[in-house]
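Have a look at the structure below, then the notes.
As a basis for the values below, the full set of heavy atoms in this structure was taken, side chains included, without hydrogen atoms, waters or symmetry mates. Every value quoted in this text rests on a predicted model; they were computed, and no experiment measured them.
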Protein chains: 2
Amino acid sequence: MSGDMSKTKDRKDSDFNDAIELMFFAYRDFIADPDVILEAHDFGRAHHRVLHFVAGNPGISIADLLDILRVTKQSLARVLRDLIDGDYVEQRIGANDRRKRLLHLTPKGIALHGKLIAPQEKRFNEVLTALGPQVFEQWKKTMRLVINSEDRENVDELIKRSRAARTKNET
Amino acid sequence: MSGDMSKTKDRKDSDFNDAIELMFFAYRDFIADPDVILEAHDFGRAHHRVLHFVAGNPGISIADLLDILRVTKQSLARVLRDLIDGDYVEQRIGANDRRKRLLHLTPKGIALHGKLIAPQEKRFNEVLTALGPQVFEQWKKTMRLVINSEDRENVDELIKRSRAARTKNET
DNA sequence: AATTTATGTCAATAACACTGACCCTTTTCG
DNA sequence: CGAAAAGGGTCAGTGTTATTGACATAAATT
């Protein structure tokens with residue numbers, strides 16, 4: 001028997017609820033495709049992340065990788081051990097600083113990384129086709145603003161480096 | 001070198017790499033805020049998810065909740081035990097089917113849920129302010145297309161129900 | 001020479017999810 | 001009505017992934 005309808009309904013709340021829900025489900029499906037491939041290799045998401053950031057930052061040091069991933073050294077060590085033993089990642093001793101172990105993907109690592117991101121690229125390609133490049137560009141701007149303001153420039157840098165790495169890869 | 005380096009460099013690849021990177025970092029920061037609050041209550045993300053979907057689907061049954069969360073009964077049980085013992089969630093025996101335990105948030109649960117989503121709402125509110133409602137709406141459309149096509153309507157339903165629950169909550 | 005940096009590694013712990021097995025209560029159906 | 005099915009609860013064991021803490025080694029720095 002309620003029926004008391006207040007005219008002053010705050011409509012913005014529900015809009016944000018939409019957004020929260022969409023973040024949850026979109027990310028879940030987005031990450032689900034690689035999971036299937038990873039399982040076949042007895043790898044997990046941690047392996048994926050390492051592959052991804054080593055691919056985008058060839059020659060990255062352990063310390064810098066830890067900084068990006070924000071995990072402990074011990075967590076990374078286990079994952080990295082798998083990837084090195086499986087010949088997906090290679091360590092090269094730094095030329096300037098011989099303490100550093102600079103990480104690179106092997107051809108095998110590059111191939112796996114390609115397989116992992118393929119379904120995600122396909123997903124975004126479908127979005128691009130359906131909504132057009134302008135909407136897609138604005139989606140990126142929006143996502144960038146969802147990132148903590150103090151981290152946005154770092155992400156810009158990462159993306160830039162990743163693009164450079166891919167371009168150089170053509171040699 | 002795959003032969004021809006024509007002027008038509010495949011630019012779309014790097015665009016999708018942007019997108020993948022943005023998904024990763026945006027989601028990470030998006031989820032980081034609630035984590036801090038949850039820790040203070042000795043809760044984890046699993047507790048958050050239960051609070052969220054019970055909030056959006058008052059009176060949901062255990063089976064239906066399991067279906068949304070896609071976890072096992074045993075996994076849910078542990079989390080639900082914490083929430084019920086802590087007086088955040090309440091079980092009511094179904095009126096029609098007395099086997100069912102229908103879940104509702106207590107006032108305490110509603111309060112905690114509010115605190116958890118507040119920073120996320122704030123984040124999106126900043127986006128809305130910076131880019132305007134039109135871009136934000138298109139962001140939502142884009143995110144919806146990132147979701148598996150077979151799940152989109154389910155998500156639509158969830159969002160609709162959640163909005164209805166919030167509206168009815170005014171009694 | 002002493003210290004710091006970059007990395008590796010052993011050990012213990014915790015969070016979280018899983019499988020499997022079994023139980024009780026209530027509803028459904030022959 | 002009585003048996004089977006549905007909804008839910010719980011105990012036990014396992015596995016993955018991440019954590020903290022403590023130490024060890026090699027190379028660079030001061």
Side-chain angles (χ1 to χ4, degrees), chain A residues 24 28 31-32 34-54 57 59-86 89-104, chain B residues 24 28 31-32 34-54 57 59-86 89-104:
Chain A
F24 179 78
R28 186 218 267 186
I31 208 66
D35 278 355
V36 177
I37 302 168
L38 288 163
E39 255 181 274
H41 292 259
D42 266 308
F43 287 161
R45 286 182 193 175
H47 299 81
H48 185 183
R49 271 172 248 142
V50 171
L51 282 173
H52 189 76
F53 288 111
V54 173
N57 303 272
I60 191 173
S61 71
I62 301 283
D64 287 349
L65 185 55
L66 285 174
D67 207 54
I68 292 178
L69 296 175
R70 289 187 198 165
V71 295
T72 58
K73 191 172 46 165
Q74 296 88 328
S75 288
L76 176 58
R78 177 177 45 80
V79 168
L80 205 50
R81 177 58 36 219
D82 296 340
L83 291 171
I84 292 171
D85 288 350
V89 170
E90 177 190 7
Q91 283 182 324
R92 299 181 197 159
I93 291 178
N96 300 331
D97 189 336
R98 293 171 47 81
R99 289 172 304 181
K100 292 191 177 174
R101 301 296 130 91
L102 308 183
L103 303 172
H104 298 262
Chain B
F24 178 77
R28 187 220 267 180
I31 209 67
D35 278 354
V36 178
I37 301 168
L38 288 164
E39 254 180 274
H41 292 258
D42 265 308
F43 287 161
R45 288 183 190 174
H47 298 84
H48 186 181
R49 271 173 247 140
V50 170
L51 279 175
H52 190 76
F53 288 111
V54 172
N57 303 272
I60 192 174
S61 71
I62 300 284
D64 287 348
L65 185 55
L66 286 175
D67 208 54
I68 292 179
L69 296 175
R70 291 187 197 165
V71 294
T72 58
K73 189 172 44 163
Q74 295 88 329
S75 287
L76 176 58
R78 176 176 45 81
V79 169
L80 204 50
R81 177 57 38 218
D82 295 339
L83 290 171
I84 292 171
D85 288 350
V89 171
E90 177 190 10
Q91 284 183 323
R92 300 182 196 159
I93 292 178
N96 300 331
D97 188 334
R98 295 173 43 82
R99 290 172 303 182
K100 291 190 178 175
R101 302 296 129 93
L102 307 183
L103 303 173
H104 298 261

Report the relative orientation of the aromatic rings in B:His41 and B:Phe43; use parallel for angles under 30°, tilted for 30 to 60°, perpendicular for over 60°.
parallel
Counting heavy atoms from C-beta on, name the nucleotide in D:dT20, C:dT7, C:dC18 closest to the side chain of A:Thr72.
D:dT20
Of all the choices, D:dG8, C:dC18, C:dG8, which nucleotide is nearest to the side chain of A:Ile62 once you look at every atom?
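In terms of side-chain proximity for A:Ile62, the closest of D:dG8, C:dC18, C:dG8 is C:dG8.
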How long is the span from the [atom1] atom in [X] to the [atom2] atom in [Y], to the nearest 0.5 Å?
X       : Y       : atom1 : atom2 : value
B:Asn57 : B:His52 : CG    : NE2   : 9.0 Å
B:His48 : B:Ile37 : NE2   : CD1   : 8.5 Å
A:Ser75 : A:Leu80 : OG    : CG    : 12.0 Å
B:Ile68 : A:Phe24 : CD1   : CZ    : 9.5 Å

Hey, mind stepping through A:Gln91 and A:Ile62 against side chain to side chain contact (heavy atoms under 4.5 Å, CB included) and telling me if it holds?
CA-CA 10 Å; A:Gln91 283 182 324; A:Ile62 301 283; 4.1 Å; yes
Is the shortest side-chain N to carboxylate O distance from A:Arg81 to A:Asp85 below 4.0 Å?
yes
Please classify the nucleic acid contact of B:Asp64 as base, sugar-phosphate, or nothing, using heavy-atom distances under 4.0 Å.
nothing
Do the side chains of A:Phe53 and A:Ile60 get nearer than 4.5 Å, heavy atoms only?
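Answer no - side chains too far apart.
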Which ones in residues 37-46 of chain A lie close to DNA chain C, meaning a heavy atom under 4.0 Å from one of its atoms?
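Contacts with DNA chain C under 4.0 Å: none.
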On DNA chain D, does the nearest nucleotide to A:Arg49 precede the nearest nucleotide to A:Gly94 from the 5' side, or the other way round? Give the residue.
A:Arg49
Map B:Arg101 and A:Ala95 onto DNA chain D by nearest heavy atom, then report which one ends up closer to the 5' terminus.
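Its nearest nucleotide lies further toward 5', so the answer is B:Arg101.
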I'd like a table of atom pairs between the protein and nucleotides 28-30 of chain C - only N or O on both sides, under 3.5 Å - with the distance next to each one.
none

Scan A:Thr72, A:Val71, A:Leu66 and name whichever one has a side-chain contact (heavy atoms from CB on, under 4.5 Å) with A:Leu69.
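It is A:Val71; the other options fail the test.
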The single option from A:Asn96, A:Leu102, A:Leu103 that satisfies side-chain contact (heavy atoms from CB on, under 4.5 Å) with A:Lys100 is A:Leu102
When the distance from [atom1] of [X] to [atom2] of [N] is rounded to whole Å, what number comes out?
X        : N      : atom1 : atom2 : answer
B:Asp82  : D:dT10 : CG    : P     : 12 Å
B:Leu76  : C:dA17 : CG    : C1'   : 12 Å
A:Arg28  : C:dA17 : CZ    : P     : 12 Å
A:His47  : D:dA18 : NE2   : P     : 9 Å
B:Arg98  : D:dG9  : CZ    : P     : 15 Å
B:Lys100 : C:dT25 : NZ    : P     : 20 Å
A:Ile93  : D:dT25 : CD1   : C1'   : 13 Å
A:Leu102 : C:dG8  : CG    : C1'   : 16 Å

Classify the side chain of B:Lys73 and the base of D:dG9 as holding, or not holding, a donor-acceptor pair under 3.5 Å.
yes
Kindly say whether, by distance alone, the side chain of A:Gln74 makes a donor-acceptor pair under 3.5 Å with the base of D:dG21?
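Side chain to base: pair present.
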Intermediate values then yes/no, side chain to side chain contact (heavy atoms under 4.5 Å, CB included), B:Arg92 and B:His104
CA-CA 8 Å; B:Arg92 300 182 196 159; B:His104 298 261; 3.4 Å; yes
Estimate the overall bend of the helix from C:dA1-D:dT30 to C:dG30-D:dC1 from the end axes over five pairs each, rounded to 10 degrees.
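Answer rounded to 10°: the end axes differ by 10°.
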Test side chain to side chain contact (heavy atoms under 4.5 Å, CB included) applied to A:His47 and A:Asp82, step by step:
CA-CA 8 Å; A:His47 299 81; A:Asp82 296 340; 2.9 Å; yes
Phosphate oxygens OP1/OP2 of D:dA18: is one of them under 4.0 Å from a side-chain N or O of A:Arg78?
yes
Distance check: side-chain N/O of B:Ser75 vs OP1/OP2 of C:dC18, anything under 4.0 Å?
yes
